[in-house]
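Below: one structure, written as structure tokens.
Scope of the values below: all heavy atoms of this structure, side chains included, with no hydrogens, waters or symmetry mates. So that the names make sense, note that chain A is the first sequence line, chain B the second, and so on, each numbered from 1. Please read these numbers as outputs of a predicted model, since none were measured by experiment.
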Amino acid sequence: MKRLILSTAALAFTAGMAFAESHSVVRMGTEGAYPPWNFLNDAGEVDGFERELGDELCARAELTCEWVTNEWDSIIPNLVSGNYDVIIAGMSITDERDEVIDFTQEYTPADPTAYLALSMDVDPAGGVVAAQTGTIQAGYIAQQGWTLVEFATPEETIAAVRAGEADAVFADKSFLVGALEGQSDLVMLEQEVQIGGGVGMGIRESDTELKAAFDAAITSMKEDGSLNELITKWAVASTF
Amino acid sequence: MLPPPPYSTGITIFEICADPSQLNGFSWLSCYLTTGKHMAFYQSFGTVLLLLAITAPTALAFGFMGAAGARSRIAPLRWIGKTYTAVVRGVPDIAFFLFFVIALDQAFEYVRHRIKCPDWTDAIRQGSDFIVCQAAKLPLGNSPQWIHETYGFFLAVLTFAIVFGAFAANVLFGAMRAVPHGQMETGEAYGMSHRQTFWRILVPQMWVYALPGLSNLWMVLIKATPLLFLLGVEDIVYWARELGGTKTPQFTDYPHGDWRIWYFGALLVFYLLFTKLSEVVLERLMTRLTHGQATTGGEAQRKGLA
């Protein structure tokens, strides 16, 4: 009888081990070029809202996490082929992406999208709009049938407006507010659009245990208010 | 008293760099240019040079095998050689770097999976996911970041070698044909076997015909390294773009505007110097290879000596 209990315990232990072993290190993939969400600090490390959030979530889920950067363009293919385990890069939850990967529950609510231009009287519908490739913003402009120019990085979309290549940048408001700081030549248009859902972590569809672990950690951060504190600290979105 | 910044400032080399907002001019610049991020930028020059140093000979080996295969008397070898040069040269580089590398990585993992986990029952492809057992992962999921980076680097070397090897194969194939046929016939008249004429007559003489084409490939290869970032290897162009981008005071101790022009200017100087150096070296190599050759260059050298 004693032996039976022991072996059951051992079995339960090894089942737990199997998950722990497959995720003894969880690799967190991000872009590192989208302040305040994620960016590289002066020391060259990943920093920002998502760095702090990710580290806290890993601590709560008792996981060891490691940060890697990947270009936005190939961020989903590299997740599904297993080069890292999580996408945490300000990625809005959309149906289109959900077909390929899974998302945890949202860790920031849907945030308005805004325009940045050189003057207040720019009409995005009649002009050229710059957006980052593969974002919901680029998809929205294309859907409207407006003129869209796409760039690989968020930085280039703003440079395009300065250079006169585009009339306005279309991006998350939180990113544009950060970009506006200390700049006198750019203004934010009053017009705002609500597109897409909240932002969540992207996880492989087969990785259900990891998804459950992060979902639980996000719930606990929502409940004790620490998530709202982080959102306010980095000014990335409205709070829950 | 200002609140502490939300971002980490990391380690600084000089004592005075602790509070950059108080600095100006030269001391500001010396602190700015020695941040951890800039150190990564300087290191990436080493990464690029190392990549070139490993890729060039590997690509040449691939090219040599491709060319030797394409002119082989054994039909299957000839087919392989010709298919390799035709297919790889036909596929756009960017497609090659986006899809081929992921496929290559998955092929390695699939083979390891078959060997290491024979009793695995789940499907490897589940929808769009590619799942192999943990022991088959390359590199192992729990290995440190530098191993992942080294592995990515070697995948990059292999991919570059395959792509540039196909072009080199075509150059070498042409060079082999340019060696005067009389030379080969003379070798045969002396009783050399096919293998002997290939190694003793053809190979030593073909380089002089191959060098102009190979030097072009080298010049293109030098400038193809930004493709590395598609593989997660951070090269000099990635860092120049990252460092040169506008930095607002909220996220850094060293705010500045759009400085990409300065960083790309520095890269321009680097590339021009590197190209110049390559030209000098290739020119010397050409002089040595021309020596004693039955070409106009060789003839001119001979007359110059006489």
### Task
Measure the spacing between CD1 of B:Ile131 and CG of A:Asp207 and express it to the nearest 0.5 Å.
8.0 Å
## Note on the structure
Interatomic distance, CG@A:Leu79 vs CZ@B:Phe130, rounded to 0.5 Å, equals 14.0 Å
### Task
Find the one option among B:Glu242, B:His148, B:Lys247 whose heavy-atom pairs under 4.5 Å with chain A are most numerous.
B:His148
Measuring heavy-atom distances to chain B, does [X] have an atom under 4.5 Å in its side chain, in its backbone, in both, or in neither?
X: A:Thr64; value: neither
X: A:Arg27; value: side chain
X: A:Ser206; value: both

[atom1] of [X]: more than 12 outside heavy atoms within 6.0 angstrom?
X: B:Arg89; atom1: CZ; result: yes
X: B:Lys223; atom1: NZ; result: yes
X: B:Tyr110; atom1: OH; result: no
X: A:Asp95; atom1: CG; result: no
X: B:Leu272; atom1: CG; result: yes

### A:Asn83 side chain near B:Asp105 side chain, heavy-atom distance below 4.5 Å
yes
#### Entry: Donor-acceptor pair between B:Glu109 and A:Ser81 side chains, under 3.5 angstrom
no
### Summary
Comparing A:Glu156, A:Glu99, A:Glu66, A:Arg162 against chain B, the one with the most heavy-atom pairs below 4.5 Å turns out to be A:Glu66
### Task
Please state whether the side chain, the backbone, both or neither of B:Tyr32 comes within less than 4.5 Å of a heavy atom of chain A.
neither
Minimum-distance pair of heavy atoms, taken over all atoms of [X] and [Y]:
X: B:Glu234; Y: A:Thr69; answer: OE2-OG1, 2.8 Å
X: B:Lys37; Y: A:Asn41; answer: CD-O, 3.3 Å
X: B:Thr35; Y: A:Asp42; answer: CB-O, 3.3 Å

### Query
Mind checking whether B:Phe251 and A:Trp234 have parallel, tilted or perpendicular rings, split at 30° and 60°?
parallel
